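Below: one structure, written as structure tokens.
As the structure is a prediction and not an experimental result, all values here were calculated from the model. Just so it is clear, the values below take in all heavy atoms, side chains as well, and ignore hydrogens, waters and symmetry mates. Below, chain A is the first sequence line, B the second, and so on; all start at residue 1.
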Amino acid sequence: MRIVTALIILLALASLPFWVSAYILAVLTVAYYFGVFAMAWDLLFGFAGEVNFGPTFLIGLGAYSAGLLDNHGVPVWLCVIAGALAAVIGGFVLALPALRLRGPYFGLITLVAVLVLQQVIVIFAGVTGGEIGLTINDVLSVDSGHNYWLALAFLVISGLILYSFSRSAAGLILQACGQDAIEAQALGFNVAKHKLAAFAVSALFSGLAGAMLVFYLGTASVDTVVDISVGVQIIIAAVLGGRRTIVGAAIGAVFLIVAGEILRPLGQLNTFVVSAIALVVILFFPDGLVGYLLRRGERA
Amino acid sequence: MTPPLLEVSGLTKRFGGLVAVKNLGFSIAAGEILGLIGPNGSGKSTAMKLIMGIERANIGSVRLAGREIVSWPTHRIARAGIGLVFQHSRPLHRQTVLENIKLALLPDSLFQLAAERSVDAKARAIGERVGLGAVLDRHPTTLPFADLRRMELAKAIARDPEVVLVDEPFAGLTLAEVESFSALIRSFREEGKAVLLVDHNVKGVAALVDRVLAMYLGERIAEGQADAVMRDETVRRVYLGGAIETHARAIAPEKSGVPLLKVTDLSVFYGKAQALERVALEVHEREFVSVVGLNGAGKTTLFNAISGLVPYAGAIEWRGGALAGKTPAAIARGGIAQCPETRELFGDMSVQENLDLGGQHQPPAERAARLIWLYDLFPILKSRSKQLARTLSGGEQQMLAIARALMMNPSLLILDEPTLGLAPVILEQLSKALERLRETTSITVLLGEQNVTFALPHADRVYVLEHARIIWQGPPDRFAAEAGAGYL
Ligand SMILES: Nc1ncnc2c1ncn2[C@@H]1O[C@H](COP(=O)(O)OP(=O)(O)OP(=O)(O)O)[C@@H](O)[C@H]1O
Ligand SMILES: [Mg+2]
């Protein structure tokens, strides 16, 4: 039943390029990449139990690595792969020392990492384009429909992989590591190994999505892929949609981006209204939208 | 001769200035059960954590089948064949009971995407074996206490270690449950495992073990056959203490006038399950009332309803006025202090800070005097006053919870399973303290227990709660004859 509903929704989404405007497609395309960001974040927070305040560190690494390589004439597909790799390597370097720390320190380190990356980009403005951003000459496709389909397919495939991972035996172990590390160790699980793996997977998808996003946007800038506020938006999206559900994170991200776009005429008020809605949902449905629906389904 | 399966020698652990385990040594052969006893805070759980690598020994050696493992990380020790059943249950709350057991069956692999078919069947079989068959699909938070402990044993069975360390498996269990847990532990011996068993249920331990080692202040004070160790002079003095005596009251409290607490027609539902059914109960000023009931009978629910922590139908009156609709904080300020079974300490605050919080509504002079009295009652808390509550031993936490409730100088003190995890000698002290309270203050006590040897001597009146209903009430001397089956 659930699968049928999902398929119908998917078909409906896939048919959009045939009947909606290029503007709507553009909004959704960005929203889908955000969906992947949010899902990758949910894997860390919802399952590994680690609050990563710096999802944009990973995303930014992917985006800028891809963009810089593109400026040196590397083929697009190689740039995207390299971006993903850079994010994974960066993620490892960050996670290795950070995962030893207890409690909120891990979150703090990830936050600092974003600030450092931001500074590096600004300092090396000659190479990175600094505050103005890095112009990217190549594109994934010139057709808005193709771009849309690409983003949708990427979202669906990432979602399937992340969801299956979270539901697998390895996902159960990961949850155990996140909920009670000492117990998990006493049951014979190498907690550091499992958390690192989760971090790598999360970084892989963040980096991939970041790299693809800049090729779609035609530019990589601090404001769109690195700034703390972008990270906050991803976190809100994931919590709004429902922690520990993976799917919820994607839905939350799409909701947040689309709502922001619809309310754009409100100008300054826009962010305020969207944040207020997010706050209300989080206050009244702490399990998020999807979490709430799942609960209701269980009870019925 | 085969070497012992587990060989511990010279093990020492210091926490700051405190030596929790001091030059400890013992060995356990395959198919042998060694009992480890000792007063609260004597280092039993720490010794187990050292063997498991959860705490790092300062010096000493732990050998598993001849291999030195003392410096290995915990997960490697676990894989090598040692399993630990923690003193406090540590379920994964978001997973079902079945998933919790399954987890213990999984290999430590990143690429294990689908658990093998056999895992599910195995997990179910283990669940059945420990008596969890009916609740496999429930979440641990909805389980009664004993079932949580069963689940911990199930995980240990699933891991199938050669050496099993079991920390207080009997705490909080009824006679029948202790019997069934003993049978499971005995089956470990038959399978040729080496078992290290810690518990304060002296009878339960003595009936099960091949040898006993007694600890005090981190050190071994006696070792040998159970009955010999129990007869040992030092063991008697520091651990066993004397028997708990019945203290008949000189004058029975007045029972005229408005009762202090009056519960009528109290019903509580958790979802569809009824936890209390039309319960009626009265407590008069200065009375000591015990509510006796097996695990899951509804004692904690009753107390939580009185404290305003769960919604209920029916009436609860305090000094003649209805409590319904009042917040838990208002009820507490009204003079009802509950010492919950789950302790609810502030883990990241020190012992002293926890006590100060309990006494914050008292005048300073009063508070200081109480603190002195309580430190006198539980001397070990005084010596741990700067330590974080989270790091206290199980029994020390229990003492702190009781002490904090007493700090509030309540009119009505509700004690929910206060004996949980306390050494016999402390039970004796607590018993004397309750008696002193009764003689010297006007406090009223409502005590929930399934340990009747503790509940009866202090009671003026006893209620028996069974399957959500009060099925008997009367004076303690008639309990044995009329309602004692299953408890004595
Ligand atoms: N992390 C820690 N920091 C400081 N002190 C600690 C720490 N862990 C344990 N202790 C202290 O070490 C002593 C031994 O604790 P342990 O838990 O081993 O006692 P125990 O014998 O298991 O007692 P119980 O019967 O009450 O469970 C206690 O006094 C405890 O307060
Ligand atoms: Mg202990």
query = What closest approach, in Å, do A:Ile173 and B:Leu103 show between heavy atoms, and which atom pair accounts for it?
reply = CA-CD1, 3.8 Å

message = What I'd like to find out is whether the side chain of B:Gln95 reaches to under 4.5 Å of the side chain of A:Gln179, using heavy atoms alone.
response =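 Sidechains of A:Gln179 and B:Gln95: in contact.
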
ask   = Would you say the side chain of B:Leu92 lies within less than 4.5 Å of the side chain of A:Gln175, judging by non-hydrogen atoms?
value = no

Are there over 12 heavy-atom neighbours, none belonging to [X], within less than 6.0 Å of that residue's [atom1]?
{"X": "A:Ile3", "atom1": "CD1", "result": "no"}
{"X": "B:Arg138", "atom1": "CZ", "result": "yes"}
{"X": "B:Lys122", "atom1": "NZ", "result": "no"}

ask   = Of all residues at least two apart in sequence or in a different chain, which pass the side-chain hydrogen bond (donor to acceptor under 3.5 Å, both in side chains) check with B:Arg129?
value =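 For B:Arg129, the residues satisfying side-chain hydrogen bond (donor to acceptor under 3.5 Å, both in side chains) (neighbours in sequence not counted) are B:Ser187, B:Glu191.
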
Using heavy-atom distances under 4.5 Å, tell me whether [X] contacts chain A through its side chain, its backbone, both, or neither.
{"X": "B:Pro161", "result": "neither"}
{"X": "B:Arg76", "result": "neither"}
{"X": "B:Arg159", "result": "side chain"}

inquiry  = Below 4.5 Å, heavy-atom pairs only: which of A:Ala176, A:Ala197, A:Gly171 has the largest tally toward chain B?
reply    =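 Result: the option with the highest number of such pairs is A:Ala176.
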
message = Only pairs of heavy atoms separated by less than 4.5 Å count here; which of B:Arg94, B:Met52, B:Lys155 has the most with chain A?
response =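 Most heavy-atom pairs within the cutoff with chain A belong to B:Arg94.
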
query = So which residues of residues 181-192 of chain A are in contact with chain B at a heavy-atom cut-off of under 4.5 Å?
reply =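 Hits under 4.5 Å: A:Ile182, A:Glu183, A:Gln185, A:Ala186, A:Leu187, A:Gly188, A:Phe189, A:Asn190.
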
key: Flag, side chain of B:Lys102 to backbone of A:Ala169, donor-acceptor distance under 3.5 Å   =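 It does not hold such a pair.
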
